[in-house]
Colleague: 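Could you have a look at this structure, given as structure tokens, before my questions?
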Number of protein chains: 2
Amino acid sequence: MLSRQRIIEVATSILDSDGLDALSTRRLASELGVSAPSLYNHFGTKEEILDGIADQIVAQVDLTVLDGTDWPQALIAWARGYRRALAAHPNAVPFLARGPRLRPAALALADAVYGKLTEAGWPPGYATRIGAAMRYLVAGSALGSFAQGFVDDPSVYADRYPHLRDAHRLREHRQRVDDGAFELALSTLVGGFEALYPTVRHT
Amino acid sequence: MLSRQRIIEVATSILDSDGLDALSTRRLASELGVSAPSLYNHFGTKEEILDGIADQIVAQVDLTVLDGTDWPQALIAWARGYRRALAAHPNAVPFLARGPRLRPAALALADAVYGKLTEAGWPPGYATRIGAAMRYLVAGSALGSFAQGFVDDPSVYADRYPHLRDAHRLREHRQRVDDGAFELALSTLVGGFEALYPTVRHT
DNA sequence: GTCTATATGATGATAGAC
DNA sequence: GTCTATCATCATATAGAC
């Protein structure tokens, strides 16, 4: 028995493991144990399926962490959850980064963080730019591993790229490097916003 | 007369205007005034063409701005140029974000900024994370416009997303919003790194 | 709601003539 | 170095039986 929910779940797992190109209606139907045309009883087009995947991923972000604490702590907790949700599905990030458009979960996410900032006293222009800056950081870090992008062979770097002499080791420490870079950027950004806050705050 | 250079130029313009899916060997050949198989005299596979596009884009980043100035100014100028090069080809960003791998221009870029930071006294671990953090910001901001991602229709936001009441105006000010968010993040990040610098510097 | 059968067209890549 | 012809495969989507 097919349902929108089951189709989206299996489609997401194909997207995660083999990329957007691998997500064909045939492959999807086959892994669901049905034939391809059956999908069209639940979705009008393949595009609708992709929208379903996207909204489901963003819906995983816990927005309640924005409540009951000051804006800097809230922003940090929200950004971590946002990154965690996106980094679990890197192949979906280019699609997600096209903006909330009409997807409910993405609109709710944007609304929540913007509301938290303006209610804390940030002028609208700043709240917008802070929200955008955070999305840049989250999307950029979830799009693909920095450390993984280097090759595992020392001879590539020797001679021609002297400063990258130890870059082949990055892959071993992949997660520590990526998490560390994100946390460094996050704490630096939010710390900087806190320093800026008293000069622009309006009540 | 075909050449690798001409093929890459036309392929890039198709990628920019119509996306990765539109970049087929037939379309590419047709715009070059040749037939599809002729491309295979210059590239072994389509994948090689994509690598050529990627390296050409990264080669546009001016690395000389890293010389002759202190590391904070250098980092800011480099990041602006890096973003400018990527934002001119947003459809290529997901591909570029997979890392330098074996592409010469991307390796030279990573080598240059890492070298600048370590020579300025940043410990290797910090230089790596700063480089990664900058790439997150640049890639995230070049991947797609934040402001463009909202819909141009006020009725979408009313009621359900009260804080986004004015979000439909974002599109008018698209470039100002995106540039402003990037510049805010950039100056905040580099300012924060400057504050951190004296506590970790080694000579 | 799911199926079989099929329409219709694109894709990357190769063989072999010129 | 470019061409024509073609291979093998894949795609999304529809019609109509059960």
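Within every chain, numbering begins at 1; the chains are lettered A, B, ... in the order of the sequence lines, protein sequences first and strands thereafter.
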Colleague: Which residue lies toward the 5' end of DNA chain D, Ala22(A) or Ser3(B), if each is placed at its nearest nucleotide?
Modeller: Ser3(B)
Colleague: Any side-chain heavy-atom pair from Val151(A) and Tyr157(A) closer than 4.5 angstrom?
Modeller: yes
Colleague: With respect to the side chain of Tyr40(A), which nucleotide from dG12(C), dG1(D), dA13(D) is positioned closest?
Modeller: dA13(D)
Colleague: Do the charged groups of Arg83(A) and Asp179(A) touch, with an N to O distance under 4.0 Å?
Modeller: yes
Colleague: Look at all strands and tell whether Ser35(B) reaches a base, only sugar-phosphate, or nothing, counting heavy atoms closer than 4.0 Å.
Modeller: base
Colleague: To the side chain of Arg26(A), which of dT12(D), dC3(D), dG1(C) is closest?
Modeller: dT12(D)
Colleague: Once you measure the plane-to-plane angle for Tyr136(B) and Phe146(A), does it fall in the parallel (<30°), tilted (30-60°) or perpendicular (>60°) bin?
Modeller: perpendicular
Colleague: Find the distance Asp18(B):CG to dA10(C):P and express it as a whole number of Å.
Modeller: 15 Å
Colleague: Which whole-number value in Å describes the distance from Phe43(B) CZ to dT14(C) C1'?
Modeller: 19 Å
Colleague: Check every atom of dT2(D), dA13(D), dA15(C) against the side chain of His42(B) and return the nucleotide holding the closest atom.
Modeller: dT2(D)
Colleague: Rounding to an integer number of Å, can you tell me how far Leu23(A) CG sits from dC10(D) P?
Modeller: 15 Å
Colleague: Roughly, in whole Å, what's the span from CZ in Arg27(B) to P in dT11(C)?
Modeller: 10 Å
Colleague: Flag the pair Thr12(B) / Ile53(B) as yes when at least one side-chain heavy-atom distance between them is below 4.5 Å, and no otherwise.
Modeller: yes
Colleague: Looking only at side-chain atoms of Pro37(A), point me to the closest of dA11(D), dC3(D), dA15(D).
Modeller: dA15(D)
Colleague: Let me know the distance between CG of Asp21(A) and C1' of dT9(D), rounded to the nearest Å.
Modeller: 14 Å
Colleague: If I take atom NZ in residue Lys46(A) and atom C1' in nucleotide dA10(C), what distance separates them, rounded to the nearest angstrom?
Modeller: 13 Å
Colleague: Of all the nucleotides listed (dT12(D), dT2(C), dT14(D)), which has the minimum atom distance to the side chain of Ser24(A)?
Modeller: dT12(D)
Colleague: Which nucleotide sits closest to the side chain of Thr45(B): dA13(C), dT2(D), dC3(C)?
Modeller: dA13(C)
